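Working notes, beginning with the structure itself.
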2 protein chains.
Amino acid sequence: MIRIVIAEDQALVLGALAALLDLEDDLQVIGRASSGQEALDLVVALQPHVLVSDVEMPELSGIEVAARLQAQRSPVRVLIVTTFGRAGYLRRALDAGVRGYLLKDTPSAELAAAVRTVAAGGKAISPHLAEAVWDTPADPLTERERAILRLAEEGRSNRAIASALSLSVGTVRNYLSEAAQKLGASNRTEAGRIARSNGWL
Amino acid sequence: MIRIVIAEDQALVLGALAALLDLEDDLQVIGRASSGQEALDLVVALQPHVLVSDVEMPELSGIEVAARLQAQRSPVRVLIVTTFGRAGYLRRALDAGVRGYLLKDTPSAELAAAVRTVAAGGKAISPHLAEAVWDTPADPLTERERAILRLAEEGRSNRAIASALSLSVGTVRNYLSEAAQKLGASNRTEAGRIARSNGWL
DNA sequence: ACCGGCAAGTGACAGACGTCACCTGACGGC
DNA sequence: GCCGTCAGGTGACGTCTGTCACTTGCCGGT
């Protein structure tokens with residue numbers, strides 16, 4: 001019997017996924033979390049075989065939860081389930097020791113199979129996504145550029161960004177200009193879109 | 001026995017929701033659609049009591065499906081289930097004759113209850129959301145402003161927007177300026193964010 | 001026939017943005 | 001000690017944006 005904790009911030013989807021997994025005779029959902037922190041606590045307390053987690057969650061993202069579990073040498077296997085086929089996310093997830101990564105448009109029958117594979121020590125990556133990682137270049141942005149781009153994306157002016165990060169306005173301009181060049185964008189807005197769609201923000 | 005068709009473009013969520021509803025003795029999922037068009041065809045063919053539909057779907061949105069059903073005087077009741085608590089969406093949904101509108105962070109136990117309520121001719125709106133509509137002002141944008149804002153949001157320059165819509169650059173500037181004023185934004189990027197977060201784009 | 005409202009345009013101006021060349025200081029190799 | 005590198009800054013320049021006042025043409029109401 002494979003014991004599972006599910007983490008997902010949308011309660012309806014959480015309940016539905018649990019119902020789906022509970023239909024299987026050899027799977028048992030022993031815990032449900034609606035935030036990253038809660039997921040981490042539950043995993044530590046219940047020691048399930050597998051944690052099935054969304055990426056986008058309040059407090060801690062699914063990837064961060066995986067990273068923490070890896071850091072504390074937890075034997076729990078993590079299977080990420082997400083909407084976003086962003087290559088950057090998958091890269092980070094793999095770095096965090098994640099064993100499975102499924103897109104939410106995978107047929108539902110495959111979820112249980114993926115859970116079993118992961119529980120048995122194998123890996124389960126949506127094939128569609130594995131490809132995407134191949135032909136998506138690595139994140140070209142530096143930490144500074146990312147931070148500035150995130151603020152620019154929200155519509156803040158150079159001046160506002162500068163004072164938020166204690167930089168000079170000129171420096172902010174330079175970083176944004178450089179980021180736009182790297183991304184092949186012709187302005188901050190486009191740069192933001194490109195970076196976000198690749199999972200680099 | 002209440003007969004249901006489910007429409008949701010994420011296969012995994014579709015399967016999970018179906019599993020959840022099938023657990024109930026008095027509910028029966030008789031059809032599954034992964035696009036708006038498919039949902040419409042299925043509803044016409046199967047004549048379920050209730051259509052449970054996502055908003056964001058390829059081809060036709062859940063709201064558009066509801067509008068078409070209303071136009072052809074279909075007796076099928078529509079229950080929308082969505083991630084986004086955008087007041088604008090709910091308004092449009094109600095105009096399209098939708099009988100229920102649940103957020104995906106509603107506890108999963110309430111989904112079946114909402115289906116029953118809607119099937120019986122009642123209404124089921126997430127209370128949280130009903131409030132939001134109250135204190136969200138109506139969409140202040142004109143069709144032109146919306147179109148221009150959508151393009152600006154993608155990072156296009158005034159010149160690009162002007163030629164895409166066969167307008168003069170000055171006019172585009174004026175529309176954007178006006179839209180920003182209406183929305184209380186200080187630039188196009190912020191205006192785009194505000195409009196989108198209210199479901200006005 | 002007239003008025004008001006609305007879509008679209010024009011011209012002008014200030015300020016914000018994007019680009020580039022160049023400067024400074026810290027810091028890790030060798 | 002010197003050199004390369006990297007984060008950050010400066011100044012200058014041209015272009016793009018945002019704002020405003022004003023104009024034109026169209027359309028519906030009265």
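These numbers come from a predicted model, not from an experiment. Every chain is numbered from 1 and lettered A, B, ... according to where its sequence line falls, protein lines coming before strand lines. Just the heavy atoms: all of them, side chains too, but no hydrogens, waters or symmetry mates, feed the values below.
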(message) Treating A:Thr82 as the side-chain partner and A:Val55 as the backbone partner, does any N or O pair qualify as donor plus acceptor under 3.5 Å?
(response) no

(request) Could you tell me the separation between the CD atom of B:Glu178 and the P atom of D:dT19, rounded to a whole number of Å? (result) 11 Å

(message) Just the rounded figure in Å: distance from P of D:dT19 to CZ of B:Arg188.
(response) 11 Å

(message) When you measure from the side chain of B:Glu8 to the backbone of B:Gln10, do you find a donor-acceptor pair of N or O atoms at a distance under 3.5 Å?
(response) yes

(message) With a cut-off of less than 4.0 Å, is there a side-chain N or O of B:Ser177 near OP1 or OP2 of D:dT19?
(response) yes

(request) Please round to the nearest 0.5 Å and tell me the distance separating atom CG of B:Leu14 and atom CG of A:Asp105. (result) 11.5 Å

(request) Give the rounded distance in Å between these two atoms: CG of A:Leu149 and P of C:dG18. (result) 11 Å

(message) Given the ring of A:Tyr89, does A:Arg92 sit roughly above its face, with NZ or CZ under 6.0 Å from the centre of the six-membered ring and within 45° of the axis?
(response) no

(request) Could you tell me whether A:Arg150 and A:Glu143 have a side-chain N and a carboxylate O separated by less than 4.0 Å? (result) yes

(request) Using a cut-off of strictly less than 4.0 Å between a heavy atom of the residue and any atom of DNA chain C, enumerate the qualifying residues of residues 152-176 of chain B by number. (result) B:Leu167, B:Ser168, B:Gly170, B:Thr171, B:Arg173, B:Asn174, B:Tyr175

(request) Please collect all salt bridge (Lys or Arg N to Asp or Glu O under 4.0 Å) contacts where either partner lies in residues 168-194 of chain B, sequence neighbours excluded, each pair once. (result) B:Glu145-B:Lys182

(message) Could you tell me how far apart A:Glu190 (CD) and C:dC17 (C1') are, to the nearest whole angstrom?
(response) 15 Å

(message) Looking at A:Asp139 and A:Arg146, is any side-chain nitrogen of the basic one under 4.0 Å from a carboxylate oxygen of the acidic one?
(response) yes

(request) Can you tell me the distance, in whole Å, between the CG atom of A:Asn187 and the P atom of D:dT17? (result) 7 Å

(request) Would you indicate, yes or no, if D:dA7 has its OP1 or OP2 atom less than 4.0 angstrom from a side-chain nitrogen or oxygen of A:Arg144? (result) no

(message) Without decimals, in angstroms, what is the distance between B:Ile148 CD1 and D:dC16 P?
(response) 18 Å

(request) Find the distance between CD1 (A:Ile125) and CZ (A:Arg99) and round it off to the nearest 0.5 Å. (result) 10.0 Å

(request) Would you mind reading off the bend of the helix from C:dA1-D:dT30 to C:dC30-D:dG1 from its two end axes, five pairs each, to 10 degrees? (result) 30°

(request) May I ask you to test the A:Asp9-A:Ser35 pair for a side-chain heavy-atom distance under 4.5 Å? (result) no

